[in-house]
Protein chains: 2
Amino acid sequence: MPSGLREQKKAETRAALVKAAQDLFRKQGYEATTIEEIAELASISRRTFFRYFPTKEDLVFPQQESRLQGFMMLLETHRPEETPFETLRNLTALFAADYTRHAERILVQQELILSSPDLLAREREIDRAWEATMFEYLAKWGGGGREAEHRARVLAGAAIGVIRATLRYWFSTGGTEDLNQLGQEALDFLEQGFRKIVPMD
Amino acid sequence: MPSGLREQKKAETRAALVKAAQDLFRKQGYEATTIEEIAELASISRRTFFRYFPTKEDLVFPQQESRLQGFMMLLETHRPEETPFETLRNLTALFAADYTRHAERILVQQELILSSPDLLAREREIDRAWEATMFEYLAKWGGGGREAEHRARVLAGAAIGVIRATLRYWFSTGGTEDLNQLGQEALDFLEQGFRKIVPMD
DNA sequence: GTGCCGTTTGTCACCGAGTGTCACGATTAA
DNA sequence: TTAATCGTGACACTCGGTGACAAACGGCAC
(Lines give C-alpha, C1' and ligand atoms only; values in the text may rest on other atoms or scores of the structure.)
Protein backbone atom coordinates (compact mmCIF):
# COMPACT_ATOMS: atom_id res chain seq x y z
CA MET A 1 0.00 0.00 0.00
CA PRO A 2 2.07 2.96 -1.16
CA SER A 3 0.69 6.16 0.21
CA GLY A 4 2.91 8.94 -1.05
CA LEU A 5 1.63 12.10 -2.62
CA ARG A 6 2.02 10.54 -6.02
CA GLU A 7 -0.31 7.61 -5.42
CA GLN A 8 -2.78 9.87 -3.72
CA LYS A 9 -2.98 12.24 -6.66
CA LYS A 10 -3.28 9.37 -9.04
CA ALA A 11 -6.23 7.98 -7.13
CA GLU A 12 -7.82 11.43 -7.07
CA THR A 13 -7.39 11.89 -10.80
CA ARG A 14 -8.82 8.47 -11.47
CA ALA A 15 -11.84 9.17 -9.30
CA ALA A 16 -12.29 12.56 -10.93
CA LEU A 17 -12.29 10.95 -14.33
CA VAL A 18 -14.91 8.40 -13.35
CA LYS A 19 -17.08 11.08 -11.84
CA ALA A 20 -16.71 13.44 -14.77
CA ALA A 21 -17.52 10.64 -17.16
CA GLN A 22 -20.58 9.53 -15.25
CA ASP A 23 -21.91 13.05 -15.14
CA LEU A 24 -21.40 13.62 -18.82
CA PHE A 25 -22.70 10.20 -19.81
CA ARG A 26 -25.85 10.76 -17.82
CA LYS A 27 -26.34 14.22 -19.24
CA GLN A 28 -25.65 13.62 -22.92
CA GLY A 29 -25.22 9.88 -23.36
CA TYR A 30 -22.20 7.66 -23.79
CA GLU A 31 -21.53 7.96 -27.48
CA ALA A 32 -22.21 11.66 -27.62
CA THR A 33 -19.56 12.29 -24.99
CA THR A 34 -16.01 12.61 -26.24
CA ILE A 35 -12.92 11.76 -24.28
CA GLU A 36 -11.77 15.31 -24.76
CA GLU A 37 -14.78 16.58 -22.83
CA ILE A 38 -14.19 14.12 -20.01
CA ALA A 39 -10.53 15.01 -19.79
CA GLU A 40 -11.30 18.70 -19.79
CA LEU A 41 -13.88 18.31 -17.03
CA ALA A 42 -11.28 16.44 -14.97
CA SER A 43 -8.64 19.07 -15.80
CA ILE A 44 -6.34 16.72 -17.60
CA SER A 45 -4.96 16.45 -21.07
CA ARG A 46 -6.48 14.04 -23.55
CA ARG A 47 -3.28 12.07 -23.73
CA THR A 48 -3.13 11.62 -20.00
CA PHE A 49 -6.61 10.19 -19.95
CA PHE A 50 -5.35 7.16 -21.81
CA ARG A 51 -2.72 6.64 -19.15
CA TYR A 52 -5.51 6.10 -16.63
CA PHE A 53 -7.99 4.17 -18.76
CA PRO A 54 -6.92 2.25 -21.84
CA THR A 55 -10.28 2.76 -23.53
CA LYS A 56 -13.40 4.83 -23.13
CA GLU A 57 -15.37 1.72 -22.23
CA ASP A 58 -13.26 1.10 -19.17
CA LEU A 59 -14.75 4.20 -17.61
CA VAL A 60 -18.04 2.35 -17.30
CA PHE A 61 -16.51 -0.73 -15.68
CA PRO A 62 -13.92 0.92 -13.46
CA GLN A 63 -13.70 -1.84 -10.84
CA GLN A 64 -14.28 -4.88 -12.95
CA GLU A 65 -10.73 -6.04 -12.54
CA SER A 66 -10.90 -6.17 -8.78
CA ARG A 67 -14.34 -7.78 -8.83
CA LEU A 68 -13.05 -10.62 -10.94
CA GLN A 69 -10.04 -10.95 -8.66
CA GLY A 70 -12.39 -11.19 -5.70
CA PHE A 71 -14.39 -13.85 -7.46
CA MET A 72 -11.25 -15.88 -8.06
CA MET A 73 -10.27 -15.52 -4.43
CA LEU A 74 -13.69 -16.72 -3.32
CA LEU A 75 -13.45 -19.72 -5.60
CA GLU A 76 -10.02 -20.60 -4.31
CA THR A 77 -10.88 -20.27 -0.67
CA HIS A 78 -14.24 -22.02 -0.68
CA ARG A 79 -14.60 -24.83 1.80
CA PRO A 80 -13.14 -27.91 0.17
CA GLU A 81 -15.91 -30.25 1.26
CA GLU A 82 -18.42 -28.31 -0.82
CA THR A 83 -19.69 -29.61 -4.12
CA PRO A 84 -19.44 -27.20 -7.04
CA PHE A 85 -23.13 -26.50 -6.86
CA GLU A 86 -22.95 -25.66 -3.19
CA THR A 87 -20.15 -23.26 -3.96
CA LEU A 88 -22.13 -21.76 -6.82
CA ARG A 89 -25.13 -21.30 -4.58
CA ASN A 90 -23.12 -19.63 -1.86
CA LEU A 91 -21.47 -17.29 -4.31
CA THR A 92 -24.81 -16.52 -5.93
CA ALA A 93 -26.16 -15.55 -2.53
CA LEU A 94 -23.15 -13.33 -1.91
CA PHE A 95 -23.38 -11.55 -5.23
CA ALA A 96 -27.15 -11.25 -5.08
CA ALA A 97 -26.84 -9.50 -1.75
CA ASP A 98 -24.21 -7.19 -3.16
CA TYR A 99 -26.29 -6.35 -6.23
CA THR A 100 -29.37 -5.79 -4.11
CA ARG A 101 -27.49 -3.49 -1.80
CA HIS A 102 -26.28 -1.35 -4.67
CA ALA A 103 -29.34 -1.89 -6.85
CA GLU A 104 -29.82 1.76 -7.67
CA ARG A 105 -26.33 2.36 -8.92
CA ILE A 106 -26.27 -0.91 -10.81
CA LEU A 107 -29.57 -0.21 -12.54
CA VAL A 108 -28.32 3.17 -13.71
CA GLN A 109 -25.17 1.55 -15.01
CA GLN A 110 -27.18 -1.11 -16.79
CA GLU A 111 -29.28 1.50 -18.51
CA LEU A 112 -26.11 3.12 -19.73
CA ILE A 113 -24.74 -0.20 -20.97
CA LEU A 114 -27.93 -0.90 -22.89
CA SER A 115 -27.58 2.42 -24.69
CA SER A 116 -24.40 1.49 -26.54
CA PRO A 117 -23.37 -1.55 -28.59
CA ASP A 118 -19.78 -0.98 -27.52
CA LEU A 119 -20.68 -1.25 -23.87
CA LEU A 120 -22.81 -4.33 -24.44
CA ALA A 121 -19.88 -5.93 -26.18
CA ARG A 122 -17.64 -5.07 -23.28
CA GLU A 123 -20.12 -6.53 -20.83
CA ARG A 124 -20.09 -9.80 -22.76
CA GLU A 125 -16.32 -9.70 -22.77
CA ILE A 126 -16.40 -9.50 -19.01
CA ASP A 127 -18.86 -12.39 -18.84
CA ARG A 128 -16.44 -14.38 -20.91
CA ALA A 129 -13.65 -13.71 -18.45
CA TRP A 130 -15.88 -14.87 -15.61
CA GLU A 131 -16.80 -17.97 -17.55
CA ALA A 132 -13.13 -18.74 -18.09
CA THR A 133 -12.47 -18.33 -14.38
CA MET A 134 -15.37 -20.56 -13.45
CA PHE A 135 -14.23 -23.10 -15.97
CA GLU A 136 -10.80 -23.26 -14.40
CA TYR A 137 -12.33 -23.85 -11.01
CA LEU A 138 -14.70 -26.54 -12.27
CA ALA A 139 -11.98 -28.24 -14.27
CA LYS A 140 -9.81 -28.45 -11.17
CA TRP A 141 -12.69 -29.87 -9.19
CA GLY A 142 -13.70 -32.44 -11.76
CA GLY A 143 -10.29 -34.04 -11.93
CA GLY A 144 -8.25 -34.37 -15.07
CA GLY A 145 -9.05 -35.82 -18.43
CA ARG A 146 -10.49 -34.49 -21.64
CA GLU A 147 -13.95 -35.66 -20.68
CA ALA A 148 -14.02 -33.80 -17.38
CA GLU A 149 -12.65 -30.71 -19.08
CA HIS A 150 -15.46 -30.85 -21.58
CA ARG A 151 -18.10 -31.06 -18.85
CA ALA A 152 -16.49 -28.23 -16.97
CA ARG A 153 -16.55 -26.09 -20.08
CA VAL A 154 -20.20 -26.84 -20.73
CA LEU A 155 -21.27 -26.25 -17.17
CA ALA A 156 -19.37 -22.99 -16.97
CA GLY A 157 -21.04 -21.82 -20.17
CA ALA A 158 -24.45 -22.82 -18.91
CA ALA A 159 -23.87 -21.19 -15.53
CA ILE A 160 -22.82 -17.85 -16.96
CA GLY A 161 -25.61 -17.98 -19.51
CA VAL A 162 -28.12 -18.62 -16.76
CA ILE A 163 -26.74 -15.91 -14.53
CA ARG A 164 -26.72 -13.32 -17.31
CA ALA A 165 -30.29 -14.23 -18.25
CA THR A 166 -31.36 -13.96 -14.64
CA LEU A 167 -29.71 -10.58 -14.30
CA ARG A 168 -31.41 -9.35 -17.46
CA TYR A 169 -34.74 -10.43 -16.05
CA TRP A 170 -33.99 -8.76 -12.77
CA PHE A 171 -33.00 -5.57 -14.55
CA SER A 172 -36.22 -5.69 -16.54
CA THR A 173 -38.19 -5.68 -13.29
CA GLY A 174 -36.31 -2.63 -12.12
CA GLY A 175 -34.58 -4.66 -9.44
CA THR A 176 -37.79 -5.21 -7.53
CA GLU A 177 -37.74 -8.99 -7.31
CA ASP A 178 -35.63 -11.12 -4.99
CA LEU A 179 -32.43 -11.59 -6.92
CA ASN A 180 -31.10 -14.35 -4.71
CA GLN A 181 -34.28 -16.35 -5.12
CA LEU A 182 -34.17 -15.88 -8.89
CA GLY A 183 -30.57 -16.99 -8.94
CA GLN A 184 -31.19 -20.06 -6.82
CA GLU A 185 -34.10 -21.01 -9.05
CA ALA A 186 -31.87 -20.67 -12.08
CA LEU A 187 -29.37 -22.97 -10.42
CA ASP A 188 -32.20 -25.40 -9.72
CA PHE A 189 -32.76 -25.60 -13.43
CA LEU A 190 -29.11 -26.34 -14.02
CA GLU A 191 -28.83 -28.87 -11.23
CA GLN A 192 -32.04 -30.78 -11.83
CA GLY A 193 -32.43 -30.21 -15.54
CA PHE A 194 -34.99 -28.33 -17.58
CA ARG A 195 -36.78 -31.49 -18.60
CA LYS A 196 -39.49 -31.68 -15.98
CA ILE A 197 -39.78 -28.00 -15.64
CA VAL A 198 -40.14 -26.58 -19.09
CA PRO A 199 -42.18 -29.03 -21.15
CA MET A 200 -45.08 -29.62 -18.77
CA ASP A 201 -46.51 -27.20 -16.26
CA MET B 1 -35.82 -10.70 -57.02
CA PRO B 2 -34.51 -7.81 -59.12
CA SER B 3 -31.95 -8.94 -61.63
CA GLY B 4 -30.86 -5.85 -63.55
CA LEU B 5 -27.31 -4.93 -64.30
CA ARG B 6 -27.24 -2.89 -61.15
CA GLU B 7 -27.96 -5.77 -58.78
CA GLN B 8 -25.55 -8.00 -60.61
CA LYS B 9 -22.69 -5.55 -60.29
CA LYS B 10 -23.50 -5.00 -56.66
CA ALA B 11 -23.30 -8.72 -55.97
CA GLU B 12 -20.00 -8.94 -57.82
CA THR B 13 -18.51 -6.04 -55.90
CA ARG B 14 -19.67 -7.52 -52.62
CA ALA B 15 -18.12 -10.88 -53.43
CA ALA B 16 -14.92 -9.21 -54.57
CA LEU B 17 -14.72 -7.37 -51.27
CA VAL B 18 -15.16 -10.52 -49.22
CA LYS B 19 -12.56 -12.32 -51.27
CA ALA B 20 -10.08 -9.46 -51.15
CA ALA B 21 -10.55 -9.18 -47.40
CA GLN B 22 -10.11 -12.88 -46.77
CA ASP B 23 -6.93 -12.95 -48.81
CA LEU B 24 -5.46 -9.95 -47.02
CA PHE B 25 -6.57 -11.12 -43.60
CA ARG B 26 -4.98 -14.48 -44.15
CA LYS B 27 -1.78 -12.96 -45.44
CA GLN B 28 -1.22 -10.17 -42.93
CA GLY B 29 -3.85 -10.56 -40.23
CA TYR B 30 -7.09 -8.77 -39.48
CA GLU B 31 -5.90 -5.75 -37.57
CA ALA B 32 -2.92 -5.15 -39.79
CA THR B 33 -5.17 -4.90 -42.83
CA THR B 34 -6.72 -1.52 -43.50
CA ILE B 35 -9.98 -0.91 -45.26
CA GLU B 36 -8.11 1.16 -47.79
CA GLU B 37 -6.08 -1.87 -48.83
CA ILE B 38 -9.18 -4.01 -49.16
CA ALA B 39 -10.96 -1.38 -51.19
CA GLU B 40 -7.97 -0.94 -53.44
CA LEU B 41 -7.66 -4.67 -54.04
CA ALA B 42 -11.35 -4.76 -54.96
CA SER B 43 -10.90 -1.67 -57.15
CA ILE B 44 -13.34 0.59 -55.39
CA SER B 45 -12.97 3.72 -53.31
CA ARG B 46 -12.73 3.65 -49.55
CA ARG B 47 -15.99 5.51 -49.27
CA THR B 48 -17.80 2.97 -51.38
CA PHE B 49 -16.61 0.15 -49.16
CA PHE B 50 -18.78 1.48 -46.36
CA ARG B 51 -21.78 1.36 -48.67
CA TYR B 52 -21.34 -2.41 -48.87
CA PHE B 53 -20.29 -3.20 -45.30
CA PRO B 54 -21.10 -0.92 -42.40
CA THR B 55 -18.00 -2.00 -40.50
CA LYS B 56 -14.79 -3.88 -41.06
CA GLU B 57 -16.02 -6.67 -38.81
CA ASP B 58 -18.94 -7.42 -41.09
CA LEU B 59 -16.47 -8.68 -43.67
CA VAL B 60 -15.76 -11.66 -41.45
CA PHE B 61 -19.42 -12.52 -40.90
CA PRO B 62 -20.79 -11.78 -44.36
CA GLN B 63 -23.77 -14.15 -44.22
CA GLN B 64 -24.67 -13.94 -40.57
CA GLU B 65 -27.87 -12.08 -41.29
CA SER B 66 -29.22 -14.80 -43.55
CA ARG B 67 -28.11 -17.56 -41.18
CA LEU B 68 -30.07 -16.03 -38.35
CA GLN B 69 -33.03 -15.61 -40.65
CA GLY B 70 -32.80 -19.28 -41.53
CA PHE B 71 -32.68 -20.18 -37.87
CA MET B 72 -35.82 -18.19 -37.23
CA MET B 73 -37.55 -19.88 -40.14
CA LEU B 74 -36.59 -23.29 -38.79
CA LEU B 75 -37.94 -22.41 -35.37
CA GLU B 76 -41.18 -21.17 -36.83
CA THR B 77 -41.75 -24.14 -39.07
CA HIS B 78 -40.80 -26.90 -36.65
CA ARG B 79 -43.40 -29.58 -36.18
CA PRO B 80 -45.81 -28.33 -33.56
CA GLU B 81 -46.06 -31.59 -31.67
CA GLU B 82 -42.37 -31.39 -30.75
CA THR B 83 -41.27 -30.39 -27.30
CA PRO B 84 -38.68 -27.60 -27.16
CA PHE B 85 -35.93 -30.07 -26.43
CA GLU B 86 -36.84 -32.18 -29.42
CA THR B 87 -36.69 -29.09 -31.56
CA LEU B 88 -33.36 -28.12 -30.04
CA ARG B 89 -31.97 -31.57 -30.70
CA ASN B 90 -33.12 -31.56 -34.30
CA LEU B 91 -31.67 -28.15 -34.93
CA THR B 92 -28.44 -29.14 -33.22
CA ALA B 93 -28.18 -32.10 -35.58
CA LEU B 94 -28.82 -29.85 -38.56
CA PHE B 95 -26.24 -27.29 -37.59
CA ALA B 96 -23.69 -29.89 -36.53
CA ALA B 97 -23.96 -31.46 -39.97
CA ASP B 98 -23.54 -28.09 -41.61
CA TYR B 99 -20.51 -27.21 -39.50
CA THR B 100 -18.96 -30.60 -40.11
CA ARG B 101 -19.47 -30.27 -43.83
CA HIS B 102 -17.72 -26.91 -43.91
CA ALA B 103 -15.34 -27.65 -41.09
CA GLU B 104 -12.25 -26.47 -42.88
CA ARG B 105 -13.61 -23.06 -43.77
CA ILE B 106 -15.15 -22.62 -40.34
CA LEU B 107 -11.94 -23.50 -38.54
CA VAL B 108 -10.03 -20.96 -40.59
CA GLN B 109 -12.64 -18.35 -39.77
CA GLN B 110 -12.49 -19.24 -36.10
CA GLU B 111 -8.75 -18.81 -36.05
CA LEU B 112 -9.22 -15.39 -37.55
CA ILE B 113 -11.86 -14.51 -34.97
CA LEU B 114 -9.59 -15.57 -32.13
CA SER B 115 -6.90 -13.23 -33.40
CA SER B 116 -8.84 -10.04 -32.72
CA PRO B 117 -10.78 -8.77 -29.71
CA ASP B 118 -13.06 -6.86 -32.06
CA LEU B 119 -14.04 -10.02 -33.85
CA LEU B 120 -14.56 -11.91 -30.61
CA ALA B 121 -16.86 -9.15 -29.47
CA ARG B 122 -18.79 -9.34 -32.69
CA GLU B 123 -19.13 -13.09 -32.33
CA ARG B 124 -20.62 -12.64 -28.90
CA GLU B 125 -22.97 -10.04 -30.28
CA ILE B 126 -24.17 -12.61 -32.78
CA ASP B 127 -24.62 -15.17 -30.02
CA ARG B 128 -26.74 -12.66 -28.22
CA ALA B 129 -28.98 -12.25 -31.24
CA TRP B 130 -29.39 -16.00 -31.45
CA GLU B 131 -30.19 -16.17 -27.77
CA ALA B 132 -32.85 -13.51 -28.20
CA THR B 133 -34.35 -15.45 -31.09
CA MET B 134 -34.38 -18.66 -29.14
CA PHE B 135 -35.89 -16.87 -26.18
CA GLU B 136 -38.76 -15.63 -28.33
CA TYR B 137 -39.43 -19.12 -29.53
CA LEU B 138 -39.30 -20.62 -26.05
CA ALA B 139 -41.46 -17.88 -24.60
CA LYS B 140 -44.10 -18.54 -27.21
CA TRP B 141 -43.97 -22.23 -26.47
CA GLY B 142 -44.17 -21.90 -22.74
CA GLY B 143 -47.34 -19.89 -22.79
CA GLY B 144 -47.70 -16.46 -21.27
CA GLY B 145 -46.96 -15.15 -17.84
CA ARG B 146 -43.95 -13.61 -16.20
CA GLU B 147 -42.92 -16.96 -14.78
CA ALA B 148 -42.82 -18.71 -18.14
CA GLU B 149 -40.93 -15.79 -19.61
CA HIS B 150 -38.34 -16.08 -16.91
CA ARG B 151 -37.83 -19.78 -17.57
CA ALA B 152 -37.61 -19.17 -21.28
CA ARG B 153 -34.95 -16.53 -20.72
CA VAL B 154 -32.92 -18.80 -18.46
CA LEU B 155 -33.15 -21.78 -20.77
CA ALA B 156 -32.20 -19.71 -23.79
CA GLY B 157 -29.18 -18.37 -21.94
CA ALA B 158 -28.14 -21.83 -20.82
CA ALA B 159 -28.64 -23.27 -24.30
CA ILE B 160 -26.52 -20.67 -26.04
CA GLY B 161 -23.89 -20.89 -23.31
CA VAL B 162 -23.74 -24.63 -23.72
CA ILE B 163 -23.59 -24.47 -27.49
CA ARG B 164 -20.85 -21.89 -27.50
CA ALA B 165 -18.85 -23.91 -24.98
CA THR B 166 -19.30 -27.04 -27.08
CA LEU B 167 -18.19 -25.21 -30.20
CA ARG B 168 -15.12 -23.90 -28.43
CA TYR B 169 -14.23 -27.42 -27.39
CA TRP B 170 -14.81 -28.68 -30.92
CA PHE B 171 -12.63 -25.93 -32.31
CA SER B 172 -9.91 -26.81 -29.82
CA THR B 173 -9.85 -30.35 -31.18
CA GLY B 174 -9.44 -29.04 -34.70
CA GLY B 175 -12.92 -30.21 -35.62
CA THR B 176 -11.94 -33.85 -35.30
CA GLU B 177 -14.61 -34.99 -32.86
CA ASP B 178 -18.23 -35.71 -33.64
CA LEU B 179 -19.90 -32.33 -33.25
CA ASN B 180 -23.41 -33.67 -33.24
CA GLN B 181 -22.60 -36.12 -30.47
CA LEU B 182 -20.94 -33.36 -28.43
CA GLY B 183 -23.99 -31.18 -28.93
CA GLN B 184 -26.44 -33.87 -27.95
CA GLU B 185 -24.40 -34.61 -24.84
CA ALA B 186 -24.48 -30.95 -23.94
CA LEU B 187 -28.24 -30.97 -24.34
CA ASP B 188 -28.35 -34.06 -22.11
CA PHE B 189 -26.75 -31.98 -19.39
CA LEU B 190 -29.37 -29.29 -19.82
CA GLU B 191 -32.28 -31.69 -19.97
CA GLN B 192 -31.30 -33.99 -17.13
CA GLY B 193 -29.32 -31.60 -15.02
CA PHE B 194 -25.68 -31.42 -14.05
CA ARG B 195 -26.31 -32.80 -10.58
CA LYS B 196 -25.67 -36.48 -11.11
CA ILE B 197 -23.06 -35.88 -13.73
CA VAL B 198 -20.65 -33.39 -12.31
CA PRO B 199 -20.26 -34.08 -8.58
CA MET B 200 -19.80 -37.86 -8.61
CA ASP B 201 -18.84 -39.44 -11.89
C1' DG C 1 17.29 23.77 1.36
C1' DT C 2 19.97 21.63 -3.06
C1' DG C 3 20.74 18.36 -6.48
C1' DC C 4 19.68 14.26 -8.71
C1' DC C 5 16.62 10.48 -10.63
C1' DG C 6 12.58 8.32 -12.09
C1' DT C 7 7.83 8.96 -13.02
C1' DT C 8 4.00 11.64 -14.63
C1' DT C 9 2.30 14.90 -17.63
C1' DG C 10 1.39 17.91 -21.75
C1' DT C 11 2.19 18.79 -26.59
C1' DC C 12 2.31 17.45 -31.12
C1' DA C 13 1.95 14.50 -34.81
C1' DC C 14 0.06 10.56 -36.56
C1' DC C 15 -3.08 6.47 -37.87
C1' DG C 16 -7.39 4.10 -38.98
C1' DA C 17 -12.49 3.55 -38.67
C1' DG C 18 -16.57 5.64 -39.81
C1' DT C 19 -19.83 9.66 -41.60
C1' DG C 20 -21.84 13.79 -44.27
C1' DT C 21 -21.97 16.09 -48.52
C1' DC C 22 -21.93 16.98 -53.23
C1' DA C 23 -21.26 16.45 -58.05
C1' DC C 24 -20.63 13.26 -61.86
C1' DG C 25 -21.89 9.37 -64.49
C1' DA C 26 -24.20 5.21 -65.37
C1' DT C 27 -28.71 2.51 -65.06
C1' DT C 28 -33.29 2.27 -65.64
C1' DA C 29 -38.04 3.39 -66.58
C1' DA C 30 -41.02 6.43 -69.41
C1' DT D 1 -34.62 9.97 -76.27
C1' DT D 2 -35.40 11.97 -72.03
C1' DA D 3 -35.74 12.35 -67.19
C1' DA D 4 -35.53 10.48 -62.80
C1' DT D 5 -32.88 7.35 -59.95
C1' DC D 6 -29.06 5.21 -58.08
C1' DG D 7 -24.12 4.03 -57.42
C1' DT D 8 -19.78 6.02 -57.08
C1' DG D 9 -15.61 8.90 -56.15
C1' DA D 10 -13.61 12.83 -53.98
C1' DC D 11 -13.10 15.67 -50.12
C1' DA D 12 -13.39 17.06 -45.58
C1' DC D 13 -14.35 15.97 -41.01
C1' DT D 14 -14.89 13.62 -36.25
C1' DC D 15 -13.29 10.61 -32.83
C1' DG D 16 -10.72 6.82 -30.47
C1' DG D 17 -6.21 5.42 -29.77
C1' DT D 18 -0.77 5.45 -30.02
C1' DG D 19 4.21 6.95 -30.36
C1' DA D 20 7.81 10.27 -29.28
C1' DC D 21 9.83 13.79 -26.80
C1' DA D 22 10.53 17.46 -23.56
C1' DA D 23 9.03 19.78 -19.40
C1' DA D 24 7.23 19.46 -14.74
C1' DC D 25 6.88 17.14 -10.55
C1' DG D 26 7.48 13.97 -6.51
C1' DG D 27 10.80 11.10 -3.82
C1' DC D 28 15.07 10.90 -1.72
C1' DA D 29 19.86 11.53 -0.33
C1' DC D 30 22.91 14.83 1.39
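We use all heavy atoms of the structure for the numbers below, so side chains are in, but hydrogens, waters and symmetry mates are not. So that the names make sense, note that chain A is the first sequence line, chain B the second, and so on, each numbered from 1.
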Query raised in the report: Want to settle it: does A:Thr13 or B:Phe50 sit nearer the 5' end of DNA chain C, counting the closest nucleotide to each?
Result: A:Thr13
Query raised in the report: CZ of A:Arg46 versus P of D:dG17: gap in Å, rounded?
Result: 9 Å
Query raised in the report: Should the ring pair B:Phe85 and A:Phe194 be called parallel, tilted or perpendicular, given that the plane angle runs from 0 to 90° and is split at 30 and 60?
Result: tilted
Report task. Output all residues satisfying salt bridge (Lys or Arg N to Asp or Glu O under 4.0 Å) with A:Glu185, sequence neighbours left out; order by chain, then residue number. Result -> none
Query - Check: B:Arg14 side chain, B:Pro62 main-chain N or O, donor-acceptor pair, under 3.5 Å - result: yes
Query raised in the report: Among the nucleotides D:dA20, D:dA12, D:dG9, which one has an atom lying closest to any side-chain atom of A:Arg47?
Result: D:dA20
Report summary line: B:Glu31 CD to D:dG17 P, in whole Å, measures 13 Å
Requested in this report: Answer with yes or no after comparing the ring centroid distance for A:Trp130 and A:Tyr137 against a 6.0 Å cut-off, counting only values under it.
Outcome: no
Query - Under 4.0 angstrom between A:Thr34 side-chain N/O and D:dC15 OP1 or OP2 - result: no
Query raised in the report: Rounded to the nearest Å, what distance is computed from the CG atom of residue A:Leu59 to the C1' atom of nucleotide D:dG17?
Result: 14 Å
**Report entry** Residue whose closest nucleotide on DNA chain D lies nearer the 5' end, A:Ile35 versus A:Arg51
**Finding:** A:Ile35
Requested in this report: Say whether B:Gln184 and B:Asn180, considering side chains only, have a donor N or O and an acceptor N or O under 3.5 Å apart.
Outcome: yes
Query raised in the report: Nearest-Å distance, CD1 (A:Ile38) to P (D:dC15)?
Result: 12 Å
**Report entry** First encountered from the 5' end of DNA chain C, between B:Thr33 and A:Ser45
**Finding:** A:Ser45
Query raised in the report: For the residue pair A:His150 and B:Tyr169, does the interplanar ring angle fall in the parallel (under 30°), tilted (30 to 60°) or perpendicular (over 60°) class?
Result: parallel
Contact list (N/O, under 3.5 angstrom) for nucleotides 25-27 of chain C vs protein:
{"from": "C:dT27", "atom 1": "O2", "to": "B:Arg6", "atom 2": "NH1", "distance (Å)": "3.1"}

Query raised in the report: Has B:Lys56 got a side-chain N or O lying under 4.0 Å from the OP1 or OP2 atom of C:dG16?
Result: no
Query raised in the report: Expressed in angstrom and rounded to an integer, what is the separation of A:Glu37 atom CD from D:dT14 atom P?
Result: 13 Å
Query raised in the report: Roughly how many Å is it from CG in B:Asp118 to P in D:dG16, rounded to a whole number?
Result: 15 Å
Query raised in the report: Nearest-Å distance, CD (A:Gln8) to P (D:dG27)?
Result: 9 Å
Query raised in the report: For D:dG7, does either OP1 or OP2 sit under 4.0 Å from a side-chain N or O belonging to B:Tyr52?
Result: no
Report summary line: Taken to the nearest whole Å, CD/A:Glu36 to P/D:dG16 is 9 Å
Query raised in the report: Is the charged tip of B:Lys56 near the ring of B:Phe49: under 6.0 Å from the six-membered ring centre and within 45° of its axis?
Result: no
